[in-house]
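Report on one structure; see the data block that follows.
Scope of the values below: all heavy atoms of this structure, side chains included, with no hydrogens, waters or symmetry mates. The first residue in the sequence is number 1, and the count goes up from there.
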Amino acid sequence: MSEAHVIRRAAGGDEAAVAALFTEMFDYHRQFDPVFSLARTGGATYAQWFVQQIGEPRSLALVAEAKGAIVGFCLALIKRRTRVHEDHYQTYGEIDDLSVTASHRGHGIGKALV
């Protein structure tokens, strides 16, 4: 049976947990591609930007909690492409980042965040 989790909008105060998850995500990807080498303050810098997205009308910042601890996050953005055709702009949604800590994968948390 999978552990219960709660998905909620991110809030100020979530920075440390998001920074740790972002760093874990980069560490995982670095084993496949060294481009994912994170600057010393990269996790904290990302977390500050993530929290700045809270309340932005074209952003949705979510976190997943299990037993009161943040175990995942998702940041989705609405973006506008540069002009592609003469007569219109294209607006689209994008999942900018999504991560679930290794110990909580396989329980549907990533799917719930999406």
Can you check whether [X] reaches [Y] side chain to side chain, under 4.5 Å on heavy atoms?
| X | Y | result |
| --- | --- | --- |
| Arg58 | Leu77 | no |
| Val71 | His107 | no |
| Gln48 | Thr41 | no |
| Leu75 | Tyr46 | yes |
| Val100 | Lys111 | no |

Return the set of residues passing ring-ring contact (aromatic ring centres under 6.0 Å, His included) with Tyr28 (not counting sequence neighbours), or none when no residue passes.
Phe32
Any chance you could measure [X], atom [atom1], to [Y], atom [atom2], to the nearest 0.5 Å?
| X | Y | atom1 | atom2 | value |
| --- | --- | --- | --- | --- |
| Trp49 | Gln52 | CH2 | CD | 9.0 Å |
| Glu94 | Ser59 | CD | OG | 11.0 Å |
| Arg80 | Thr91 | CZ | OG1 | 4.0 Å |
| Ile70 | Asp14 | CD1 | CG | 3.5 Å |
| Asp97 | Gln53 | CG | CD | 10.5 Å |
| Thr23 | Met25 | OG1 | CE | 9.0 Å |

Heavy-atom closest pair, residues Gly43 and Ala19
O-CB, 3.5 Å
Nearest heavy-atom approach of Gly12 to Ile54 is N-CD1, 4.0 Å
Could you see if [X] belongs to whatever hydrophobic cluster contains [Y]? Use Ile, Leu, Val, Met, Phe, Trp, Tyr and a side-chain cutoff under 4.5 Å.
| X | Y | result |
| --- | --- | --- |
| Ile109 | Val114 | yes |
| Val63 | Leu60 | no |
| Phe22 | Leu98 | no |

Could you work out, with side chain to side chain contact (heavy atoms under 4.5 Å, CB included) as the rule, every residue matching Ile7, not counting sequence neighbours?
His5, Leu62, Ala64, Ala112, Leu113
Thr101 and Glu24 side chains, donor-acceptor separation under 3.5 Å:
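Per modelled atom types, Glu24 and Thr101 side chains form a pair under 3.5 Å.
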Relative to each other, are the rings of Phe36 and Phe26 parallel, tilted or perpendicular (30° and 60° limits)?
perpendicular
Inspect the surroundings of CZ in Arg9 and state if more than 12 heavy atoms from other residues, nucleotides or ligands are less than 6.0 Å away.
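No.
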